[in-house]
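Below is one structure, written out as structure tokens, with a few remarks after it.
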Amino acid sequence: MDYTENRTSLDISIGNRLQRIANVLLINSSFIDNPGLLNGKMGIAIFLYNYSRYLGSRIFTDYANELIDEIYQDLNINTPLDFANGLTGIGWGIEYLVKNSFVEADTDEALSEIDNLVYRNSLNRPFLLENDKDLFGYGIYYIARLRVRENDDDNLNTLFKKQHLIYLTDDVERILTQKEYLKFNIVSLSTDTINSILFFLLEMHRIRLFPIKVEKLFHSLPEFIELGQYSSNDKSAQSLLHQLTEKIIPCISDKALQSTFRKILKKADIKVTDINSADDNLADQFIKYSWQQLIYAQYIKEDYASLNNDKRVFSIIDNEGNWNWRLDNLNKNNLGLDGLAGIGLGFLNGRIKDELRTGKSEIRMQNNIE
């Protein structure tokens with residue numbers, strides 16, 4: 001069997017598995033009480049919207065709309081704020097859906113309540129990280145909220161968001177230079193947390209907001225980058241850290257600091273295209289890659305993870321024993337983007353990129369229309 005036949009067979013198999021993933025999520029997602037982005041309904045809705053667009057069918061779009069309605073109905077003052085499970089991730093998800101034309105809305109209106117809750121909590125909380133694995137969700141959320149109108153300084157909402165991003169930069173300073181996390185029983189920061197802070201600083205530099213403070217904070221990063229490179233065996237997170245660090249170097253005016261960053265990267269010798277690992281860990285790395293690609297898209301290289309890896313990942317997941325084990329162990333904590341929906345989104349992104357390269361997408365869409 002030649003490469004083309006192998007590729008076609010794999011495409012068909014992944015297509016069948018995507019259908020099964022979507023069906024499982026369709027049946028089970030309404031029973032989840034977590035509305036969040038990574039572990040709950042918002043992430044599932046994002047997968048279903050993307051899958052429905054890929055198919056050229058509204059079946060899954062209609063159901064994703066119902067999930068969004070359920071999320072809004074369940075929001076209250078007790079909804080957590082964190083990015084994985086709470087308001088900052090949910091708000092980010094709404095911005096993503098509007099930006100990518102999955103839903104139509106004025107996000108200043110649709111997210112006004114979330115904006116207010118996030119703003120009040122960020123001012124009243126002494127520290128903005130829940131634990132050592134928490135993402136800097138406040139920063140990621142407000143960067144997303146500003147993105148569409150970042151140059152519209154005649155808009156009061158834009159000025160408000162920029163003001164709050166300046167406050168959040170002060171919070172990053174308390175994390176990086178004053179290490180206030182130590183006061184809250186956090187011994188060190190995870191690679192995921194460090195990545196989210198690097199992303200925030202890169203975005204602040206891109207929009208030229210509070211540049212003196214951002215430049216100053218770049219000087220505090222080397223020890224955290226080294227920590228992130230060696231604190232875990234999470235190759236997807238480490239690979240992302242490598243890429244974000246590469247993006248920071250041209251933002252730095254201090255030549256000595258640039259040299260320090262380059263030495264750190266050289267010492268680590270992490271290959272950004274390598275997320276290979278043992279079979280029992282590869283699927284987890286693939287899931288992590290999928291949601292990282294969603295959130296940090298503009299800073300991730302096209303070859304961040306080899307798209308050919310989907311063949312190896314699929315061979316593991318498509319094993320009926322492995323697949324049945326996953327179905328038997330489904331629960332409310334592993335259906336979202338950090339679980340089954342993440343596997344689906346990873347395969348779907350791989351199929352879309354492969355079709356764009358080979359010109360198959362137009363043929364498939366025409367067949368769907370017919």
Side-chain angles (χ1 to χ4, degrees), residues 14-55 59-75 79-80 82-94 96-97 102-103 133-135 137 192 234 236 280-295 310 313-314 316-351:
I14 289 180
N16 291 337
R17 183 60 80 226
L18 277 168
Q19 181 71 54
R20 293 180 67 181
I21 289 172
N23 289 340
V24 169
L25 293 175
L26 206 68
I27 294 170
N28 291 281
S29 54
S30 281
F31 299 104
I32 301 174
D33 54 10
N34 187 328
L37 176 65
L38 297 187
N39 299 318
K41 291 180 180 178
M42 178 56 72
I44 294 172
I46 285 175
F47 165 71
L48 291 176
Y49 277 119
N50 277 281
Y51 184 54
S52 193
R53 177 174 289 178
Y54 175 79
L55 292 178
I59 294 176
F60 295 104
T61 294
D62 292 339
Y63 191 74
N65 287 336
E66 293 180 16
L67 285 179
I68 298 299
D69 290 340
E70 291 177 13
I71 291 170
Y72 267 95
Q73 290 170 8
D74 293 340
L75 293 183
T79 304
D82 68 291
F83 197 75
N85 304 292
L87 291 177
T88 53
I90 292 169
W92 183 95
I94 296 298
Y96 168 86
L97 294 175
F102 290 110
V103 298
K133 296 181 174 59
D134 197 14
L135 302 184
D192 286 336
D234 189 338
S236 287
D280 60 353
N281 192 39
L282 183 60
D284 292 335
Q285 295 298 312
F286 186 75
I287 291 169
K288 172 66 78 64
Y289 159 65
S290 298
W291 66 253
Q292 286 183 162
Q293 188 181 40
L294 182 72
I295 297 167
D310 62 7
V313 174
F314 182 75
I316 299 166
I317 295 173
D318 195 48
N319 176 282
E320 282 303 316
N322 188 301
W323 177 250
N324 289 332
W325 177 86
R326 286 184 177 274
L327 293 181
D328 291 341
N329 287 276
L330 284 178
N331 57 62
K332 63 181 181 180
N333 297 316
N334 60 19
L335 284 171
L337 287 180
D338 208 19
L340 189 64
I343 293 174
L345 188 65
F347 284 144
L348 183 59
N349 287 337
R351 297 304 89 226

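Heads up: numbering here begins at 1 and tracks the sequence.
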Item to check | Side chain proximity check, Arg326 to Leu340, heavy atoms < 4.5 angstrom | outcome: no
Checklist entry - How many angstroms lie between CH2 in Trp323 and CG in Asp328, if you round to the nearest 0.5 Å? => result 11.5 Å
Item to check | Shortest non-hydrogen separation from Leu337 to Leu345 and the atoms involved | outcome: CD2-CD2, 3.9 Å
Item to check | Side-chain heavy-atom pair Pro35, Asp74 within 4.5 angstrom cut-off | outcome: no
Next on the checklist: For a 4.5 angstrom cut-off between non-hydrogen side-chain atoms, does Leu37 reach Trp291?
Outcome noted: no
Checklist entry - Which heavy atom in Tyr96 sits nearest to a heavy atom in Ile46, and how many Å separate them? => result CE2-CG2, 3.7 Å
Checklist entry - Which atom pair, heavy atoms only, marks the closest approach of Ala45 to Ala64? => result O-CB, 3.9 Å
Next on the checklist: Once you measure the plane-to-plane angle for Tyr51 and Phe60, does it fall in the parallel (<30°), tilted (30-60°) or perpendicular (>60°) bin?
Outcome noted: tilted
Checklist entry - For the side-chain hydrogen bond (donor to acceptor under 3.5 Å, both in side chains) test, which of Asn85, Asn34, Asn334 pairs with Asn39? => result Asn85
Checklist entry - Any luck finding a side-chain donor-acceptor pair between Tyr289 and Gln285 under 3.5 Å? => result no
Checklist entry - Any side-chain heavy-atom pair from Tyr63 and Leu25 closer than 4.5 angstrom? => result no
Checklist entry - Distance only, no hydrogens: is a donor on one side chain within 3.5 Å (strictly under) of an acceptor on the other, for Gln19 and Asn23? => result yes
Item to check | From Ile32 atom CD1 to Glu70 atom CD, the distance as rounded to the nearest 0.5 Å | outcome: 10.0 Å
Item to check | Check: Tyr54 side chain, Leu348 main-chain N or O, donor-acceptor pair, under 3.5 Å | outcome: no
Item to check | Interatomic distance, Leu38 atom CG to Ile295 atom CD1 [nearest 0.5 angstrom] | outcome: 5.0 Å
Checklist outcome for this item: Closest non-hydrogen atoms of Asn331 and Asn333, given as atom of the first, atom of the second and distance, are OD1-N, 2.7 Å
Checklist entry - Asn50 versus Phe102: any side-chain heavy-atom pair under 4.5 Å? => result yes
Checklist entry - So, does Asn349 use its side chain to make a donor-acceptor pair with the main chain of Ser290 at under 3.5 Å? => result no
Checklist entry - Do the non-hydrogen side-chain atoms of Ile90 and Leu75 ever get within less than 4.5 Å of each other? => result yes
Next on the checklist: For a 4.5 angstrom cut-off between non-hydrogen side-chain atoms, does Arg17 reach Ile343?
Outcome noted: no
Next on the checklist: Could you report the tightest heavy-atom contact between Ile59 and Ser52, atom names first, then the distance?
Outcome noted: N-OG, 4.2 Å
Checklist entry - Any side-chain heavy atom of Ile68 within less than 4.5 Å of one from Met42? => result yes
Item to check | Pairwise distance CG(Leu327) to CZ(Arg20) - rounded to 0.5 angstrom | outcome: 6.5 Å
Item to check | Exercise: identify the closest heavy-atom pair between Gly346 and Phe286 | outcome: C-CZ, 3.5 Å
